[in-house]
Amino acid sequence: MDNQRNLIIAVVLSAILLFGFDFAMRTYYPQTEEVPANMAGREDAPTARVDGQIDGNNASGAAIVRDLDAELSTSRVAIDAPEISGSINPVGARIDDITLKTHRQTVDGDSGPIRLFAPSGTEAQQFAQFGWVGEGVAVPNAQTTWQVVNGSELTQETPVTLAWDNGQGQTFGLTFQVDEHYMFDVTQSVINNGDGSIALRPYAFVSRTSENASPSTFTVHSGPIAEGNGEVNFDWDYEDIQDEGPVNLAGDTNWLGFTDIYWMSALIADDASGAEGTFRETGGDIFRADLIYDAVTVPAGETVSRNTRLFAGAKESAVLDQYEEQGVDRFGLAIDWGWFRFIAWPMWQVLIFLFGVVGNFGVAIICLTLIIRLVLFPIAQKQFHSMAQMRAVQPKMKALQERYKDDKQQLQQEMAKLYKEEKVNPLAGCLPIFIQIPIFFALYKVLLLAIEMRHEPFFGWLRDLSASDPATVLNLFGLLPFDPPGFLAIGVLAVLLGFTMWLQFKLNPAAMDPMQQQIFMIMPWVLMFVMAPFAAGLLLYWISNNVLTLAQQWYLYSRNPELKAQMAKDREEKAREAERKKAEEG
């Protein structure tokens, strides 16, 4: 009767864990969807700013849906760099057309490239604009048509310069350069041929819609991002800006912009001038990151320029670190490694190294698991020594449980006394588990954040280690063309995970408490459901860890025959007890 009650309790607790976990994952960790290319969109509606800051120009709040192909069919300045392609719109001098050559929309080889920037008014709109604010002087705005005065195509070798004459003696210029990755260098210049001095404030902004943004969760930040005062600021998301209004960043801003899980657009300020940053919503789920420089005076007959960089691309760790080495402070921290950065970042570096050796990230994960097991081997030896001590004192523990079965408080005191006399630490066996938790979470962060893992295959049907196993039981392991929902998507890796964990529990000494025995019997299969939606690379790590743990257990049992003999004796006693109860019931 007690065993049946324990089994029912274990099943109920497992169901609560299973369904509660699935609800939490769907609520707080929604699945990231690939951003479709060639989306149609909305019109940005920049609001006017006062006190000599950014002029509003397009201050309508209306959402205007425009066709992407029609917008890109106008006369434009082409961009053709090693990793990006696109164009600059001479109207407004906006960089509003960027696709990433080296990143596909889906795992299929023939899928199109990722579109990062799209013109104002299209559904996926995201663009950058550079300009000036001034009083008593005509300045260019979003409707200004610029003239191409140097270069016909922006490449890594050939810059492009646009110019506009305001008819009052001032000529404004924008010179665009692009490097081998994702960085634009934009020089804003003003030639003052007028009679007197003029005062101007250079600015730059990135505008984007939040409708195609990655979800922001407890584990991964998506939304506004900025660096200033010696730290990277992840405090704000799109909803915060909507609820609280414009956010003026305190102190000097070195760089700011918007980040998704894999992509980012950011403005990097000129080192020679202080700049302040602001985030705001401009209407209709359109948000803007403004970088505003201090005012400059341009005397008659002189030229003043300001240099701003624009990053628009993939958050590749090596590329971000390269820009950090070139002077962009803490740019590598744009990847939100979180609290476990001290584990996640070194783990990622080891994975990159192993990938360079073996050429497959799945094999690299297995090799990383082996390295971790080797590092933790001394701790595992202590764990088994603790298990042997616990088995040795088990008869005395049973005697105490029988003697004080009606006095739980006295039982606890006697058990503590026994542990002290026998020099047994009942928690020593838990240490490897606690050590594995940050390692496991750090690998989860790596698989979630590292774009280098995106669309990386293992073998066979596993074409993307950063996505869940597509071959599930309900779709006949990939034969049927549909994806089962949530925790029902039990794939091959999930089944292997449950089976290897079950073997691991079977090899361990049986728990004394019947309730614990029931939980250990069910837990592998509960975890099979819980872990099924996770990234295939994470399940591959856990399976590899289980297999190596099994091999390690066999080895340590061979070195500790007393523990192995005690386990065999426990199983025999358990079998005899089951036979006795069966005979009594019969």
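Because the structure is a prediction, the values reported are computed rather than measured.
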Heavy atoms only: give me the nearest [X]-[Y] pair and the separation to one decimal.
X      : Y      : answer
Leu310 : Val206 : CD1-CG2, 4.1 Å
Ala70  : Ser73  : O-OG, 2.6 Å
Leu116 : Gly313 : CD2-N, 3.3 Å
Thr278 : Pro246 : CG2-CB, 4.4 Å
Ala318 : Glu452 : N-OE2, 4.3 Å
Leu100 : Ala314 : CD1-N, 4.1 Å

| said: If you count heavy atoms of other groups shown closer than 6.0 angstrom to CD of Glu239, is the number above 12? | reply: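 For Glu239, atom CD is not crowded (no more than 12 foreign heavy atoms under 6.0 Å).
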
| request: Answer yes or no: does atom CG of Asp195 have more than 12 heavy-atom neighbours from other residues, nucleotides or ligands under 6.0 Å? | output: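 12 or below, so no.
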
Ring centroids only, cut at 6.0 angstrom: are [X] and [Y] within range, meaning strictly under it?
X      : Y      : result
Phe287 : Tyr238 : yes
Phe117 : Phe127 : no
Phe311 : Phe331 : yes

Do [X] and [Y] come within less than 4.5 Å of each other through their side chains, counting heavy atoms only?
X      : Y      : answer
Ser317 : Asp321 : yes
Leu368 : Phe353 : no
Leu465 : His455 : no
Ile365 : Leu351 : yes
Asp165 : Phe172 : no
Ser214 : Val220 : no
Leu154 : Ile88  : yes
Ile451 : Trp263 : yes

[X]-[Y] side chain donor-acceptor pair, cut-off 3.5 Å:
X      : Y      : value
Ser305 : Thr187 : no
Thr308 : Asp270 : no
Gln125 : Thr209 : no
His103 : Glu316 : yes

How many angstroms lie between [atom1] in [X] and [atom2] in [Y], if you round to the nearest 0.5 Å?
X      : Y      : atom1 : atom2 : value
Glu71  : Ser87  : CD    : OG    : 10.5 Å
Asp290 : Leu256 : CG    : CG    : 8.0 Å
Arg309 : Phe184 : CZ    : CZ    : 14.0 Å
Trp348 : Leu447 : CH2   : CG    : 9.0 Å
Ile84  : Lys101 : CD1   : NZ    : 8.5 Å
Ser468 : Leu538 : OG    : CG    : 12.0 Å

Would you call the rings of [X] and [Y] parallel, tilted or perpendicular, where under 30° means parallel and over 60° means perpendicular?
X      : Y      : answer
Tyr323 : His181 : perpendicular
Trp164 : Trp146 : tilted
Phe441 : Tyr444 : tilted

| said: I'd like to know whether Tyr541 forms a side-chain contact (heavy atoms from CB on, under 4.5 Å) with Ile372, so could you lay out the CA-CA distance, the side-chain angles of the two residues, the decisive distance to 0.1 Å, and finally the verdict. | reply: CA-CA 11 Å; Tyr541 165 79; Ile372 292 173; 4.0 Å; yes

Counting N and O atoms only, with roles assigned by atom type, does the side chain of [X] sit under 3.5 Å from a partner on the main chain of [Y], one being a donor and the other an acceptor?
X      : Y      : result
Arg104 : Asp108 : yes
Asp260 : Tyr262 : no
Ser222 : Ser216 : no
Glu324 : Gly332 : yes
Glu227 : Thr253 : no
Asp240 : Asp237 : yes
Thr155 : Thr158 : yes
Asn360 : Ala364 : no
Gln126 : Ala118 : no
Asn141 : Thr144 : yes

| query | Given Trp132, which of Gln170, Arg306, Gln188 fulfils the side chain to side chain contact (heavy atoms under 4.5 Å, CB included) condition? | reply |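 Looking at Gln170, Arg306, Gln188, the match for Trp132 under the side chain to side chain contact (heavy atoms under 4.5 Å, CB included) is Gln188.
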
| said: Given Leu200, which partner from the list Val304, Thr297, Val139, Val133 fulfils the side chain to side chain contact (heavy atoms under 4.5 Å, CB included) test? | reply: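 The option that passes is Val139.
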
| query | side-chain contact (heavy atoms from CB on, under 4.5 Å) between Val160 and Leu162: does it pass, once the steps are laid out? | reply | CA-CA 7 Å; Val160 167; Leu162 307 182; 4.1 Å; yes

Partner set under side-chain contact (heavy atoms from CB on, under 4.5 Å) for [X], not counting sequence neighbours:
X      : result
Leu462 : Phe458, Asp469, Pro470, Leu493, Ala536
Thr259 : His221, Ile225, Met264, Lys315
Thr145 : Val91, Gln147

| task | Please determine if Arg201 forms a cation-pi arrangement with Tyr293, meaning its NZ or CZ atom is less than 6.0 Å from the six-membered ring centre and no more than 45° off the ring axis. | result |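 Pair Arg201/Tyr293 does not count as cation-pi.
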
| query | Between Gln156 and Asp80, is a side-chain hydrogen bond (donor to acceptor under 3.5 Å, both in side chains) present by the stated rule, with each step listed? | reply | CA-CA 8 Å; Gln156 187 180 352; Asp80 187 11; over 6 Å; no

| request: Using a strict 4.0 Å threshold on nitrogen-to-oxygen distance, state whether Asp96 and Arg76 make a salt bridge. | output: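 Here Asp96 pairs with Arg76 in a salt bridge, since their nearest N and O are under 4.0 Å apart.
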
| Hey, are Asp97 and Arg115 close enough for a salt bridge, meaning a charged N less than 4.0 Å from a carboxylate O? |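 A salt bridge links Asp97 with Arg115.
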
| said: Determine whether Asn254 and Ile268 satisfy the following criterion, side-chain contact (heavy atoms from CB on, under 4.5 Å), listing intermediate values before the conclusion. | reply: CA-CA 6 Å; Asn254 293 322; Ile268 297 98; over 6 Å; no

| request: Evaluate the side-chain contact (heavy atoms from CB on, under 4.5 Å) criterion for residues Ile114 and Gln105: first the C-alpha distance (whole Å), next the side-chain angles of each, then the deciding distance (0.1 Å), finally the verdict. | output: CA-CA 5 Å; Ile114 286 292; Gln105 296 176 52; 4.2 Å; yes

